[in-house]
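Structure first, then comments.
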Amino acid sequence: MKRHILSTIYTICSSSSNSTHSSSTTKQKHYYTFFPLVHFKPKNQSSKLKENMVLSKTVSESDVSIHSTFASRYVRNSLPRFEMPENSIPKEAAYQIINDELMLDGNPRLNLASFVTTWMEPECDKLMMESINKNYVDMDEYPVTTELQNRCVNMIARLFNAPLGDGEAAVGVGTVGSSEAIMLAGLAFKRQWQNKRKAQGLPYDKPNIVTGANVQVCWEKFARYFEVELKEVNLREDYYVMDPVKAVEMVDENTICVAAILGSTLTGEFEDVKLLNDLLVEKNKQTGWDTPIHVDAASGGFIAPFLYPDLEWDFRLPLVKSINVSGHKYGLVYAGIGWVVWRTKTDLPDELIFHINYLGADQPTFTLNFSKGSSQVIAQYYQLIRLGFEGYRNVMDNCRENMMVLRQVLEKTGRFNIVSKENGVPLVAFSLKDSSRHNEFEVAEMLRRFGWIVPAYTMPADAQHVTVLRVVIREDFSRTLAERLVADFEKVLHELDTLPARVHAKMASGKVNGVKKTPEETQREVTAYWKKFVDTKTDKNGVPLVASITNQ
């Protein structure tokens with residue numbers, strides 16, 4: 001069956017476990033799934049399995065075995081889903097079984113929700129595969145890999161205008177992504193603040209960080225994991241980034257840093273780091289504090305230096321003490337690499353750096369994890385020397401041009417309000433001008449029929465009433481794809497116009513005879529409505545839609 005989310009947001013799935021080779025047979029099961037409202041799971045699923053799956057979630061809808069038609073050339077019995085099989089199977093069978101399941105994943109190139117790189121040159125792919133068995137942490141065994149990482153750190157620090165003298169080494173480290181980089185930077189700020197408070201004989205048990213409500217979830221993780229209060233500046237309609245004035249007002253003597261975002265996940269907009277720096281300098285003078293700034297440049301760090309070289313957001317500003325950037329976003333490397341660099345050595349407390357010698361030599365380490373692959377580090381070095389400043393600028397220029405094309409074409413439809421700015425991360429965030437009949441979530445669901453993955457989401461406080469769609473423009477998103485995307489948008493909107501107004505709008509009151517419905521009652525009513533609607537639909541050949549779907 002083809003993996004389509006239908007215009008009616010209704011699918012019928014069927015599975016059978018009556019293998020001729022199994023010792024026992026079960027009756028064929030038919031079940032219904034209505035997206036995104038209700039998800040029914042088999043009643044006979046093991047309760048023990050449910051209890052043990054706290055952090056993982058299965059989408060199995062048939063039984064506890066894996067069946068593969070093609071792999072039956074090599075194996076006769078099905079495999080257990082949640083237990084290690086007793087016996088080995090041929091390598092061809094293992095490959096085919098996994099490959100068959102992975103076919104149901106989305107196409108990474110059409111995943112417009114993600115900022116993460118989905119294409120690299122074959123030569124870089126080859127380098128990555130040749131180094132995939134190297135453990136990066138074994139610095140003594142792989143000294144050249146360590147040297148390449150150090151070169152990357154120095155290149156990135158200088159790209160961000162770190163105040164380094166001739167021949168002076170930059171301070172930084174490669175990470176598995178910006179999340180780890182932010183954790184490390186946050187720990188450095190916390191320890192610096194604690195050391196200073198201890199020296200002054202002041203309490204040091206209530207640290208806080210000031211951010212905008214638009215920060216990525218990794219900041220919330222840092223605050224919770226490392227017991228730091230997160231003080232968020234709420235957003236407002238038409239202003240979806242942190243307001244520097246309000247942020248500085250929230251700073252107090254316990255603030256370990258203010259985090260500014262260069263490239264908001266929500267709209268791609270750059271926050272005004274220069275204004276934040278100037279306001280904070282003035283407040284520090286008035287209070288005697290020395291509250292610093294960290295710049296989360298996960299998305300924008302590899303964009304601003306090439307598209308907006310005169311924009312002051314980096315180490316040119318005196319209060320910016322550390323910057324993180326994602327190599328696997330616009331650094332143009334596959335997922336799994338991030339970087340954090342500090343202004344000077346004094347901004348990274350020595351007590352956070354560990355020294356080990358059981359791998360052959362004294363090695364300093366400052367990471368949350370230990371072992372990790374070398375491939376992404378090598379790939380980052382490849383991109384830096386392969387593209388150079390000119391190449392990165394060309395890539396970012398092209399992404400921005402494609403973003404402008406998509407933005408203009410969407411505006412011409414007359415159906416959308418563009419929420420994102422023209423400057424910033426190359427993406428387009430937009431909302432429906434008229435969402436009285438259908439909303440952005442329905443548009444996102446129906447676009448999946450064409451293979452597109454376009455997220456729809458609501459803004460944080462205090463702009464929760466605003467819902468947007470977002471298309472991220474990466475290097476592999478061509479102008480042709482942009483034109484095709486808009487054509488599919490128009491098809492979706494045309495089809496939505498022919499459908500009845502969304503059910504939950506009609507049921508907005510949530511009451512029956514003056515009595516408020518429970519969420520379960522509302523879901524059942526919505527499900528029943530869509531099922532009844534689909535049962536009456538036919539395809540282009542006049543075949544009932546249910547039969548048409550089942551035969552695909």
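Along the sequence shown, the residues carry numbers beginning at 1.
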Discussion item. Walk me through whether Leu112 and Leu485 qualify under side-chain contact (heavy atoms from CB on, under 4.5 Å).
Written reply: CA-CA 10 Å; Leu112 306 183; Leu485 174 63; 3.6 Å; yes
Practice prompt. Could you please spell out the steps behind the side-chain hydrogen bond (donor to acceptor under 3.5 Å, both in side chains) verdict for Asp314 and Asn161?
Written response: CA-CA 7 Å; Asp314 52 19; Asn161 294 291; 2.7 Å; yes
Practice prompt. Please assess Arg479 against Glu401 for the test salt bridge (Lys or Arg N to Asp or Glu O under 4.0 Å), listing each intermediate value before the final yes or no.
Written response: CA-CA 9 Å; Arg479 193 161 302 185; Glu401 289 175 4; 3.7 Å; yes
Discussion item. Working note: Asn324 + Trp339, criterion side-chain hydrogen bond (donor to acceptor under 3.5 Å, both in side chains); need CA distance, chi angles, decisive distance, verdict.
Written reply: CA-CA 6 Å; Asn324 70 276; Trp339 305 93; over 6 Å; no
Worksheet entry | Audit row: Phe189, Ile209, side-chain contact (heavy atoms from CB on, under 4.5 Å) steps and yes/no | CA-CA 10 Å; Phe189 282 120; Ile209 285 182; over 6 Å; no
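Taking the centre of each ring, Phe489 and Phe416 come in below the 6.0 Å mark. Here Phe306 and Tyr392 bring their ring centres to under 6.0 angstrom of each other.
Applying the salt bridge (charged side-chain N to carboxylate O under 4.0 Å, His left out) test to Arg474 and every residue at least two apart in sequence or in another chain returns Asp476. Under the rule for a side-chain contact (heavy atoms from CB on, under 4.5 Å), the partners of Glu475 that lie at least two apart in sequence or sit in another chain are Trp119, Leu332, Val395. Asp243 meets the salt bridge (charged side-chain N to carboxylate O under 4.0 Å, His left out) test with Arg236; sequence neighbours excluded.
Pairs of residues two or more places apart, or lying in two chains, that qualify as side chain to side chain donor-acceptor pair (under 3.5 Å) and include a residue from residues 266-280 are Asn214-Glu271, Lys274-Asp278. Applying the salt bridge (charged side-chain N to carboxylate O under 4.0 Å, His left out) definition to pairs two or more places apart or across chains, those involving residues 289-307 are Lys196-Asp290. Sorted by first and then second residue, the pairs that involve residues 217-232 and meet salt bridge (charged side-chain N to carboxylate O under 4.0 Å, His left out), not counting sequence neighbours, are Lys231-Asp252.
With respect to Glu253 and Arg197, a salt bridge is recorded, a charged nitrogen being found less than 4.0 Å from a carboxylate O.
Classification of the Phe366-Trp342 ring pair by plane angle, with boundaries at 30° and 60°, yields tilted. Ring planes of Phe222 and Phe226: tilted class, angle from 30 to 60°.
In this structure the side chain of Trp452 never reaches within 4.5 angstrom of the side chain of Asn111, judged on heavy atoms. Looking only at side-chain heavy atoms (C-beta outward), Trp289 and Leu280 stay at 4.5 Å or farther from each other. Proximity of Val273 to Leu317: side-chain heavy atoms (C-beta onward) are separated by under 4.5 Å at one or more points. Contact annotation: the side chain of Glu495 approaches that of Thr498 to within less than 4.5 Å [non-hydrogen atoms, C-beta and beyond]. Contact of the Trp193 side chain with the Pro292 side chain is not registered, since no non-hydrogen atoms from C-beta on lie closer than 4.5 Å. Residues Met403 and Val428 are in side-chain contact: their nearest non-hydrogen atoms beyond the backbone lie under 4.5 Å apart.
When all heavy atoms of Thr118 and Pro108 are compared, the pair lying nearest together is CG2-O, 3.6 Å.
The closest side-chain donor-acceptor pair between Thr117 and His328, if any, does not fall under 3.5 angstrom.
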